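All figures in this text were calculated on a predicted structure; none of them were measured in a lab. Just so it is clear: chains get the letters A, B, ... in the order the sequence lines come, proteins before strands, and each one is counted from 1.
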Number of protein chains: 2
Amino acid sequence: MKTEHRSGCPINLSLEVFGDRWSLILLRDMIFGGRRHFRELLNGSIEGIASNILTDRLKRLMELGMLTKADDPSHKQKAIYSLTEMAITLVPIMAHLGAWGRVWLPVSEELSIRAELMERGGPELWEQFMDELRHEHLGAPSKTPPGTPGVRQQLQAAYQAVVARKAESATA
Amino acid sequence: MKTEHRSGCPINLSLEVFGDRWSLILLRDMIFGGRRHFRELLNGSIEGIASNILTDRLKRLMELGMLTKADDPSHKQKAIYSLTEMAITLVPIMAHLGAWGRVWLPVSEELSIRAELMERGGPELWEQFMDELRHEHLGAPSKTPPGTPGVRQQLQAAYQAVVARKAESATA
DNA sequence: TGCAACTGATTGCAAAATGCAATCGGATTG
DNA sequence: CAATCCGATTGCATTTTGCAATCAGTTGCA
(Lines give C-alpha, C1' and ligand atoms only; values in the text may rest on other atoms or scores of the structure.)
Protein backbone atom coordinates (compact mmCIF):
# COMPACT_ATOMS: atom_id res chain seq x y z
CA MET A 1 0.00 0.00 0.00
CA LYS A 2 1.34 3.36 -1.00
CA THR A 3 1.29 5.63 2.01
CA GLU A 4 2.76 8.77 0.52
CA HIS A 5 -0.01 11.00 -0.71
CA ARG A 6 0.15 14.28 -2.55
CA SER A 7 -2.63 15.66 -0.38
CA GLY A 8 -5.58 14.58 1.74
CA CYS A 9 -8.10 16.04 -0.71
CA PRO A 10 -10.80 13.47 -1.55
CA ILE A 11 -10.62 14.18 -5.26
CA ASN A 12 -6.85 13.92 -5.27
CA LEU A 13 -6.91 10.68 -3.32
CA SER A 14 -9.52 9.26 -5.67
CA LEU A 15 -7.29 10.19 -8.58
CA GLU A 16 -4.37 8.45 -6.92
CA VAL A 17 -6.49 5.28 -6.95
CA PHE A 18 -7.79 5.32 -10.53
CA GLY A 19 -6.32 8.42 -12.15
CA ASP A 20 -4.42 6.50 -14.80
CA ARG A 21 -5.19 5.09 -18.20
CA TRP A 22 -6.11 1.57 -17.15
CA SER A 23 -7.45 1.08 -13.63
CA LEU A 24 -10.95 2.33 -14.35
CA ILE A 25 -11.03 0.43 -17.64
CA LEU A 26 -10.38 -2.80 -15.78
CA LEU A 27 -13.03 -2.02 -13.20
CA ARG A 28 -15.45 -1.21 -16.01
CA ASP A 29 -14.80 -4.60 -17.61
CA MET A 30 -15.28 -6.38 -14.31
CA ILE A 31 -18.41 -4.46 -13.38
CA PHE A 32 -20.20 -4.17 -16.70
CA GLY A 33 -18.51 -6.96 -18.63
CA GLY A 34 -18.54 -9.50 -15.82
CA ARG A 35 -14.91 -10.43 -16.33
CA ARG A 36 -13.22 -12.31 -13.51
CA HIS A 37 -10.10 -13.92 -15.00
CA PHE A 38 -6.76 -12.62 -16.17
CA ARG A 39 -7.25 -13.82 -19.75
CA GLU A 40 -10.76 -12.39 -19.94
CA LEU A 41 -9.47 -9.00 -18.92
CA LEU A 42 -6.47 -9.28 -21.22
CA ASN A 43 -8.30 -10.22 -24.41
CA GLY A 44 -11.75 -8.96 -23.58
CA SER A 45 -11.27 -5.24 -23.44
CA ILE A 46 -11.42 -3.36 -26.70
CA GLU A 47 -8.68 -0.98 -25.69
CA GLY A 48 -6.10 -3.76 -25.59
CA ILE A 49 -4.14 -3.70 -22.37
CA ALA A 50 -0.67 -5.25 -22.27
CA SER A 51 -0.22 -8.23 -19.99
CA ASN A 52 2.50 -6.65 -17.85
CA ILE A 53 0.36 -3.58 -17.25
CA LEU A 54 -2.60 -5.81 -16.43
CA THR A 55 -0.52 -7.72 -13.88
CA ASP A 56 0.63 -4.49 -12.32
CA ARG A 57 -2.85 -2.98 -12.12
CA LEU A 58 -4.45 -6.08 -10.65
CA LYS A 59 -1.77 -6.13 -7.99
CA ARG A 60 -2.15 -2.42 -7.33
CA LEU A 61 -5.93 -2.56 -7.11
CA MET A 62 -5.65 -5.44 -4.68
CA GLU A 63 -3.23 -3.52 -2.50
CA LEU A 64 -5.62 -0.59 -2.53
CA GLY A 65 -8.49 -2.79 -1.42
CA MET A 66 -10.50 -2.59 -4.62
CA LEU A 67 -10.08 -6.23 -5.61
CA THR A 68 -9.52 -9.60 -4.03
CA LYS A 69 -8.12 -12.75 -5.59
CA ALA A 70 -9.10 -16.35 -5.01
CA ASP A 71 -8.31 -19.75 -6.48
CA ASP A 72 -10.69 -21.10 -9.05
CA PRO A 73 -11.64 -24.61 -7.84
CA SER A 74 -12.10 -25.79 -11.42
CA HIS A 75 -8.54 -25.08 -12.47
CA LYS A 76 -5.46 -25.09 -10.28
CA GLN A 77 -3.89 -22.24 -12.19
CA LYS A 78 -6.93 -20.07 -12.58
CA ALA A 79 -7.49 -17.12 -10.30
CA ILE A 80 -10.82 -15.39 -9.80
CA TYR A 81 -10.74 -11.68 -9.15
CA SER A 82 -13.59 -10.18 -7.15
CA LEU A 83 -14.73 -6.63 -6.59
CA THR A 84 -14.78 -5.35 -3.05
CA GLU A 85 -17.52 -3.11 -1.67
CA MET A 86 -15.13 -0.22 -2.26
CA ALA A 87 -15.10 -0.97 -5.98
CA ILE A 88 -18.82 -1.75 -6.19
CA THR A 89 -19.67 1.70 -4.87
CA LEU A 90 -18.02 3.14 -7.97
CA VAL A 91 -21.12 2.21 -9.97
CA PRO A 92 -22.78 5.63 -9.62
CA ILE A 93 -19.53 7.34 -10.61
CA MET A 94 -19.25 5.08 -13.63
CA ALA A 95 -22.82 5.93 -14.57
CA HIS A 96 -22.18 9.67 -14.30
CA LEU A 97 -18.95 9.35 -16.22
CA GLY A 98 -20.71 7.46 -18.98
CA ALA A 99 -23.49 10.01 -19.11
CA TRP A 100 -21.03 12.88 -19.32
CA GLY A 101 -19.05 11.14 -22.04
CA ARG A 102 -22.21 10.48 -24.04
CA VAL A 103 -22.99 14.19 -24.07
CA TRP A 104 -19.57 15.64 -24.81
CA LEU A 105 -17.45 13.03 -26.53
CA PRO A 106 -17.57 11.14 -29.84
CA VAL A 107 -18.90 7.90 -28.41
CA SER A 108 -19.89 4.98 -30.61
CA GLU A 109 -23.46 3.79 -30.54
CA GLU A 110 -22.71 0.18 -29.66
CA LEU A 111 -20.43 1.04 -26.80
CA SER A 112 -22.60 3.72 -25.31
CA ILE A 113 -25.85 1.79 -25.18
CA ARG A 114 -24.91 0.48 -21.75
CA ALA A 115 -24.25 3.99 -20.48
CA GLU A 116 -27.58 5.10 -21.89
CA LEU A 117 -29.40 2.30 -20.12
CA MET A 118 -27.68 3.09 -16.83
CA GLU A 119 -28.59 6.73 -17.27
CA ARG A 120 -32.23 6.00 -17.97
CA GLY A 121 -32.43 3.51 -15.11
CA GLY A 122 -31.22 6.10 -12.62
CA PRO A 123 -30.17 5.55 -9.01
CA GLU A 124 -32.70 2.77 -8.52
CA LEU A 125 -31.19 0.68 -11.28
CA TRP A 126 -27.71 1.45 -9.95
CA GLU A 127 -28.74 0.15 -6.56
CA GLN A 128 -30.15 -2.99 -8.09
CA PHE A 129 -26.95 -3.47 -10.04
CA MET A 130 -24.78 -2.95 -6.97
CA ASP A 131 -26.91 -5.47 -5.12
CA GLU A 132 -26.33 -7.88 -7.96
CA LEU A 133 -22.57 -7.29 -7.84
CA ARG A 134 -22.53 -7.85 -4.07
CA HIS A 135 -24.27 -11.14 -4.71
CA GLU A 136 -21.78 -12.20 -7.40
CA HIS A 137 -18.59 -10.92 -5.81
CA LEU A 138 -19.19 -10.91 -2.09
CA GLY A 139 -21.63 -13.78 -1.77
CA ALA A 140 -24.21 -11.47 -0.27
CA PRO A 141 -27.86 -12.57 -0.35
CA SER A 142 -29.70 -10.98 -3.23
CA LYS A 143 -32.59 -8.70 -2.38
CA THR A 144 -34.16 -8.86 -5.83
CA PRO A 145 -37.06 -11.27 -6.25
CA PRO A 146 -36.22 -14.48 -8.15
CA GLY A 147 -37.03 -14.37 -11.82
CA THR A 148 -36.09 -10.72 -12.15
CA PRO A 149 -33.71 -10.28 -15.09
CA GLY A 150 -30.25 -9.20 -13.95
CA VAL A 151 -29.02 -5.73 -14.79
CA ARG A 152 -25.92 -6.98 -16.57
CA GLN A 153 -28.15 -9.32 -18.54
CA GLN A 154 -30.22 -6.32 -19.63
CA LEU A 155 -27.11 -4.38 -20.56
CA GLN A 156 -25.76 -7.25 -22.62
CA ALA A 157 -29.08 -7.78 -24.35
CA ALA A 158 -29.29 -4.12 -25.28
CA TYR A 159 -25.76 -4.24 -26.65
CA GLN A 160 -26.51 -7.35 -28.71
CA ALA A 161 -29.63 -5.72 -30.09
CA VAL A 162 -27.68 -2.70 -31.32
CA VAL A 163 -24.97 -4.84 -32.87
CA ALA A 164 -27.60 -7.02 -34.59
CA ARG A 165 -29.47 -4.00 -35.91
CA LYS A 166 -26.25 -2.48 -37.23
CA ALA A 167 -25.25 -5.72 -38.96
CA GLU A 168 -28.69 -5.94 -40.51
CA SER A 169 -28.67 -2.39 -41.82
CA ALA A 170 -25.17 -2.98 -43.20
CA THR A 171 -26.23 -5.95 -45.29
CA ALA A 172 -29.48 -4.33 -46.38
CA MET B 1 -7.12 17.82 -30.91
CA LYS B 2 -6.22 14.19 -30.61
CA THR B 3 -8.38 12.22 -32.97
CA GLU B 4 -7.04 8.74 -32.35
CA HIS B 5 -9.09 7.05 -29.69
CA ARG B 6 -8.61 3.71 -28.04
CA SER B 7 -12.32 3.04 -28.28
CA GLY B 8 -15.66 4.81 -28.53
CA CYS B 9 -16.70 3.74 -25.04
CA PRO B 10 -17.94 6.74 -23.02
CA ILE B 11 -15.93 5.79 -19.95
CA ASN B 12 -12.80 5.30 -22.00
CA LEU B 13 -13.24 8.59 -23.81
CA SER B 14 -13.83 10.36 -20.50
CA LEU B 15 -10.61 8.84 -19.20
CA GLU B 16 -8.79 10.06 -22.28
CA VAL B 17 -9.85 13.57 -21.30
CA PHE B 18 -9.00 13.59 -17.60
CA GLY B 19 -7.56 10.17 -16.82
CA ASP B 20 -4.20 11.50 -15.75
CA ARG B 21 -2.68 12.81 -12.57
CA TRP B 22 -3.29 16.52 -13.15
CA SER B 23 -6.19 17.48 -15.41
CA LEU B 24 -8.91 16.92 -12.86
CA ILE B 25 -6.81 18.59 -10.16
CA LEU B 26 -6.64 21.74 -12.27
CA LEU B 27 -10.35 21.66 -12.96
CA ARG B 28 -10.96 21.18 -9.24
CA ASP B 29 -8.89 24.27 -8.45
CA MET B 30 -10.71 26.30 -11.06
CA ILE B 31 -14.16 25.11 -10.03
CA PHE B 32 -13.87 24.99 -6.25
CA GLY B 33 -10.90 27.27 -5.71
CA GLY B 34 -11.94 29.93 -8.19
CA ARG B 35 -8.50 30.06 -9.82
CA ARG B 36 -8.27 31.72 -13.19
CA HIS B 37 -4.59 32.60 -13.75
CA PHE B 38 -1.49 30.56 -14.49
CA ARG B 39 0.29 31.57 -11.28
CA GLU B 40 -2.76 30.91 -9.15
CA LEU B 41 -2.94 27.40 -10.50
CA LEU B 42 0.80 26.93 -10.23
CA ASN B 43 1.24 28.02 -6.63
CA GLY B 44 -2.28 27.56 -5.35
CA SER B 45 -2.74 23.82 -5.49
CA ILE B 46 -1.46 21.83 -2.55
CA GLU B 47 -0.25 19.01 -4.76
CA GLY B 48 2.36 21.21 -6.41
CA ILE B 49 2.21 20.95 -10.18
CA ALA B 50 5.30 21.78 -12.24
CA SER B 51 5.03 24.73 -14.59
CA ASN B 52 5.77 22.75 -17.74
CA ILE B 53 3.08 20.22 -16.89
CA LEU B 54 0.67 23.04 -16.14
CA THR B 55 1.38 24.66 -19.50
CA ASP B 56 0.81 21.34 -21.24
CA ARG B 57 -2.44 20.58 -19.43
CA LEU B 58 -3.90 24.02 -19.98
CA LYS B 59 -3.15 23.70 -23.68
CA ARG B 60 -4.56 20.20 -23.79
CA LEU B 61 -7.75 21.10 -21.94
CA MET B 62 -8.25 24.04 -24.31
CA GLU B 63 -7.83 21.77 -27.33
CA LEU B 64 -10.36 19.39 -25.84
CA GLY B 65 -12.86 22.19 -25.35
CA MET B 66 -12.82 22.21 -21.55
CA LEU B 67 -11.21 25.63 -21.18
CA THR B 68 -10.91 28.91 -23.01
CA LYS B 69 -8.29 31.60 -22.65
CA ALA B 70 -8.68 35.37 -22.83
CA ASP B 71 -6.56 38.43 -22.25
CA ASP B 72 -6.81 40.09 -18.89
CA PRO B 73 -7.52 43.80 -19.59
CA SER B 74 -5.70 44.82 -16.43
CA HIS B 75 -2.38 43.33 -17.45
CA LYS B 76 -1.01 42.86 -20.94
CA GLN B 77 0.67 39.60 -20.01
CA LYS B 78 -2.06 38.11 -17.91
CA ALA B 79 -4.35 35.47 -19.31
CA ILE B 80 -7.67 34.48 -17.82
CA TYR B 81 -8.72 30.89 -18.18
CA SER B 82 -12.43 30.10 -18.23
CA LEU B 83 -14.39 26.91 -17.84
CA THR B 84 -16.61 25.87 -20.71
CA GLU B 85 -20.03 24.32 -20.24
CA MET B 86 -18.35 20.97 -20.88
CA ALA B 87 -16.17 21.48 -17.82
CA ILE B 88 -18.93 22.97 -15.68
CA THR B 89 -21.03 19.84 -16.13
CA LEU B 90 -18.30 17.92 -14.34
CA VAL B 91 -19.56 19.33 -11.03
CA PRO B 92 -21.78 16.33 -10.21
CA ILE B 93 -18.94 13.95 -11.04
CA MET B 94 -16.62 15.94 -8.80
CA ALA B 95 -19.20 15.75 -6.04
CA HIS B 96 -19.57 11.99 -6.40
CA LEU B 97 -15.82 11.55 -6.55
CA GLY B 98 -15.39 13.57 -3.39
CA ALA B 99 -18.10 11.63 -1.62
CA TRP B 100 -16.57 8.32 -2.61
CA GLY B 101 -13.13 9.46 -1.50
CA ARG B 102 -14.48 10.61 1.85
CA VAL B 103 -15.84 7.15 2.51
CA TRP B 104 -12.96 5.01 1.35
CA LEU B 105 -9.76 7.03 1.49
CA PRO B 106 -7.68 8.69 4.23
CA VAL B 107 -8.91 12.21 3.56
CA SER B 108 -7.93 15.13 5.77
CA GLU B 109 -10.66 17.02 7.60
CA GLU B 110 -9.79 20.47 6.23
CA LEU B 111 -9.63 19.34 2.65
CA SER B 112 -12.75 17.21 2.72
CA ILE B 113 -15.08 19.76 4.26
CA ARG B 114 -15.91 21.07 0.79
CA ALA B 115 -16.77 17.58 -0.41
CA GLU B 116 -18.95 17.07 2.63
CA LEU B 117 -20.83 20.28 1.97
CA MET B 118 -21.36 19.37 -1.67
CA GLU B 119 -22.58 15.95 -0.60
CA ARG B 120 -25.04 17.36 1.91
CA GLY B 121 -26.26 19.99 -0.52
CA GLY B 122 -27.15 17.38 -3.10
CA PRO B 123 -28.12 17.92 -6.73
CA GLU B 124 -29.91 21.19 -5.94
CA LEU B 125 -26.76 22.75 -4.57
CA TRP B 126 -24.79 21.39 -7.51
CA GLU B 127 -27.21 23.08 -9.88
CA GLN B 128 -26.90 26.34 -8.01
CA PHE B 129 -23.14 26.05 -8.15
CA MET B 130 -23.13 25.30 -11.87
CA ASP B 131 -25.36 28.29 -12.41
CA GLU B 132 -22.87 30.38 -10.49
CA LEU B 133 -19.98 29.05 -12.59
CA ARG B 134 -21.88 29.81 -15.79
CA HIS B 135 -22.27 33.34 -14.52
CA GLU B 136 -18.59 33.71 -13.68
CA HIS B 137 -17.09 31.94 -16.66
CA LEU B 138 -19.60 32.24 -19.46
CA GLY B 139 -21.19 35.58 -18.57
CA ALA B 140 -24.58 33.93 -18.29
CA PRO B 141 -27.28 35.72 -16.30
CA SER B 142 -27.54 34.35 -12.79
CA LYS B 143 -30.82 32.76 -11.78
CA THR B 144 -30.18 33.06 -8.07
CA PRO B 145 -31.82 35.98 -6.29
CA PRO B 146 -29.44 38.82 -5.35
CA GLY B 147 -28.12 38.64 -1.82
CA THR B 148 -27.97 34.86 -1.83
CA PRO B 149 -24.53 33.75 -0.64
CA GLY B 150 -22.56 32.07 -3.41
CA VAL B 151 -21.81 28.39 -3.17
CA ARG B 152 -18.06 28.89 -3.43
CA GLN B 153 -18.36 31.49 -0.72
CA GLN B 154 -20.06 28.91 1.49
CA LEU B 155 -17.39 26.33 0.70
CA GLN B 156 -14.60 28.75 1.55
CA ALA B 157 -16.27 29.83 4.77
CA ALA B 158 -16.68 26.22 5.87
CA TYR B 159 -13.02 25.58 5.10
CA GLN B 160 -11.91 28.63 7.06
CA ALA B 161 -14.04 27.57 9.99
CA VAL B 162 -12.39 24.15 10.16
CA VAL B 163 -8.91 25.63 9.86
CA ALA B 164 -9.67 28.16 12.60
CA ARG B 165 -11.10 25.51 14.90
CA LYS B 166 -8.08 23.31 14.35
CA ALA B 167 -5.66 26.16 15.09
CA GLU B 168 -7.60 26.96 18.24
CA SER B 169 -7.59 23.39 19.53
CA ALA B 170 -3.86 23.19 18.78
CA THR B 171 -3.02 26.19 20.95
CA ALA B 172 -5.42 25.19 23.69
C1' DT C 1 14.83 56.29 -14.79
C1' DG C 2 16.03 52.14 -12.72
C1' DC C 3 15.14 47.94 -10.58
C1' DA C 4 12.76 44.30 -8.25
C1' DA C 5 8.80 41.55 -8.64
C1' DC C 6 5.66 39.25 -11.48
C1' DT C 7 3.59 37.45 -16.08
C1' DG C 8 3.00 32.91 -18.78
C1' DA C 9 5.74 30.08 -20.30
C1' DT C 10 10.35 27.21 -22.25
C1' DT C 11 14.48 24.34 -21.81
C1' DG C 12 17.40 20.51 -20.30
C1' DC C 13 17.81 16.45 -18.06
C1' DA C 14 16.85 12.40 -15.01
C1' DA C 15 13.40 9.21 -13.53
C1' DA C 16 9.29 6.75 -14.01
C1' DA C 17 5.46 4.87 -16.61
C1' DT C 18 3.84 2.79 -20.71
C1' DG C 19 3.66 -0.04 -24.98
C1' DC C 20 4.98 -4.06 -27.25
C1' DA C 21 6.55 -8.63 -28.26
C1' DA C 22 8.58 -12.69 -26.78
C1' DT C 23 8.83 -16.02 -23.37
C1' DC C 24 8.24 -18.71 -18.93
C1' DG C 25 6.97 -23.01 -16.08
C1' DG C 26 3.08 -25.34 -14.71
C1' DA C 27 -1.81 -27.32 -15.72
C1' DT C 28 -5.11 -29.06 -18.63
C1' DT C 29 -7.13 -31.13 -22.70
C1' DG C 30 -7.46 -34.23 -26.50
C1' DC D 1 2.49 -36.82 -25.59
C1' DA D 2 1.54 -32.77 -28.13
C1' DA D 3 -1.17 -28.63 -28.30
C1' DT D 4 -3.30 -25.32 -25.74
C1' DC D 5 -4.29 -22.48 -21.93
C1' DC D 6 -2.96 -20.33 -17.22
C1' DG D 7 -1.16 -16.03 -14.89
C1' DA D 8 2.40 -13.86 -15.22
C1' DT D 9 7.76 -12.17 -16.28
C1' DT D 10 11.46 -10.23 -19.06
C1' DG D 11 13.81 -7.03 -22.12
C1' DC D 12 13.72 -2.99 -24.53
C1' DA D 13 12.13 1.28 -26.94
C1' DT D 14 9.14 5.16 -26.44
C1' DT D 15 6.50 8.42 -23.86
C1' DT D 16 5.30 10.90 -19.85
C1' DT D 17 6.47 12.98 -15.66
C1' DG D 18 9.12 15.54 -12.11
C1' DC D 19 12.23 19.04 -11.07
C1' DA D 20 15.02 23.14 -11.37
C1' DA D 21 16.76 26.76 -13.90
C1' DT D 22 15.82 30.20 -17.06
C1' DC D 23 13.42 33.29 -20.44
C1' DA D 24 11.63 37.86 -22.39
C1' DG D 25 8.18 41.06 -21.67
C1' DT D 26 5.19 43.87 -18.10
C1' DT D 27 4.23 46.21 -14.06
C1' DG D 28 4.64 48.83 -9.70
C1' DC D 29 7.30 51.67 -7.06
C1' DA D 30 11.12 54.66 -5.54
Side-chain angles (χ1 to χ4, degrees), chain A residues 2-7 12 15-27 29-30 33 35-64 66-82, chain B residues 2-7 12 15-27 29-30 33 35-64 66-82:
Chain A
K2 203 175 274 181
T3 46
E4 203 173 329
H5 299 294
R6 299 192 301 185
S7 87
N12 173 60
L15 277 180
E16 289 185 15
V17 172
F18 45 75
D20 70 278
R21 300 184 78 70
W22 289 112
S23 298
L24 216 57
I25 294 287
L26 294 184
L27 292 166
D29 287 344
M30 290 190 70
R35 271 129 206 190
R36 309 288 298 263
H37 300 287
F38 190 92
R39 279 312 216 257
E40 286 176 345
L41 288 162
L42 185 64
N43 305 320
S45 91
I46 339 156
E47 289 85 10
I49 189 172
S51 68
N52 53 348
I53 309 284
L54 176 56
T55 299
D56 181 76
R57 288 306 181 280
L58 287 172
K59 183 182 151 213
R60 212 180 106 81
L61 289 173
M62 285 194 298
E63 287 170 351
L64 290 166
M66 303 277 285
L67 300 179
T68 58
K69 182 182 180 177
D71 292 339
D72 185 330
S74 76
H75 190 304
K76 286 188 183 173
Q77 264 182 329
K78 259 185 182 167
I80 299 185
Y81 294 93
S82 298
Chain B
K2 202 174 275 182
T3 46
E4 203 173 329
H5 299 294
R6 300 192 299 185
S7 85
N12 173 59
L15 276 181
E16 289 185 15
V17 172
F18 45 76
D20 70 278
R21 300 183 78 68
W22 289 112
S23 299
L24 214 59
I25 294 287
L26 294 184
L27 292 166
D29 287 343
M30 291 191 69
R35 280 150 200 166
R36 309 287 299 263
H37 300 287
F38 190 92
R39 290 288 161 159
E40 287 176 345
L41 289 162
L42 185 63
N43 305 320
S45 91
I46 339 155
E47 290 85 10
I49 189 171
S51 68
N52 54 350
I53 308 283
L54 175 56
T55 299
D56 181 75
R57 287 306 181 280
L58 287 172
K59 184 182 151 212
R60 209 178 110 78
L61 288 173
M62 287 194 298
E63 288 170 349
L64 290 166
M66 304 277 286
L67 300 179
T68 59
K69 183 183 182 176
D71 292 339
D72 185 330
S74 76
H75 190 303
K76 287 187 181 172
Q77 263 182 331
K78 260 185 180 167
I80 300 185
Y81 294 93
S82 298

The side chain of [X] lies closest to which of these nucleotides: [options]?
X: B/Ser51; options: C/dA9, D/dT17, C/dT18; answer: C/dA9
X: A/Lys76; options: C/dT10, D/dA8, C/dT28; answer: C/dT28
X: A/Asn52; options: C/dT18, C/dC20, C/dT7; answer: C/dC20
X: B/Lys69; options: C/dA21, D/dG7, C/dA9; answer: C/dA9

Taking any heavy-atom pair under 4.0 Å as a contact, classify [X]: base, sugar-phosphate, or nothing.
X: A/Ala50; value: base
X: A/Arg6; value: nothing
X: A/Lys59; value: nothing

With a cut-off of less than 4.0 Å, is there a side-chain N or O of [X] near OP1 or OP2 of [N]?
X: A/Trp22; N: C/dA17; value: no
X: B/His37; N: C/dT7; value: no
X: B/Tyr81; N: C/dA9; value: yes

Can you find a donor-acceptor pair, distance only, under 3.5 Å between B/Thr55 side chain and C/dT10 base?
->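 Such a pair does not exist between side chain and base.
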To the closest 0.5 Å, what do you measure between CD1 (B/Ile49) and CG (B/Leu26)?
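With rounding to 0.5 Å, CD1 (B/Ile49) is 4.5 Å from CG (B/Leu26).
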* To do: First locate atom CZ of B/Arg57, then atom CZ of B/Arg60, and finally report the distance between them rounded to the nearest 0.5 Å.
  =>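 Output value for this atom pair is 6.5 Å.
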Toward the 5' end of DNA chain C, which comes first, A/Ile53 or A/Gln77, by nearest nucleotide?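 Per heavy-atom nearest nucleotide, the more 5' residue is A/Ile53.
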>> In this structure, how many angstroms lie between the P atom of D/dA8 and the CG atom of A/Leu61, rounded?
In response: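 Nearest whole value for this atom pair: 13 Å.
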Open item on the list: Please report the distance, rounded to the nearest Å, between CZ in A/Arg21 and P in C/dA16.
Closed with: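 Rounding to the nearest Å, CZ of A/Arg21 and P of C/dA16 are 21 Å apart.
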Legend entry - Student check: side-chain heavy atoms of A/Phe38 and A/Thr55 closer than 4.5 Å: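 The answer is yes, as the side chains (C-beta and beyond) meet within the 4.5 Å cut-off.
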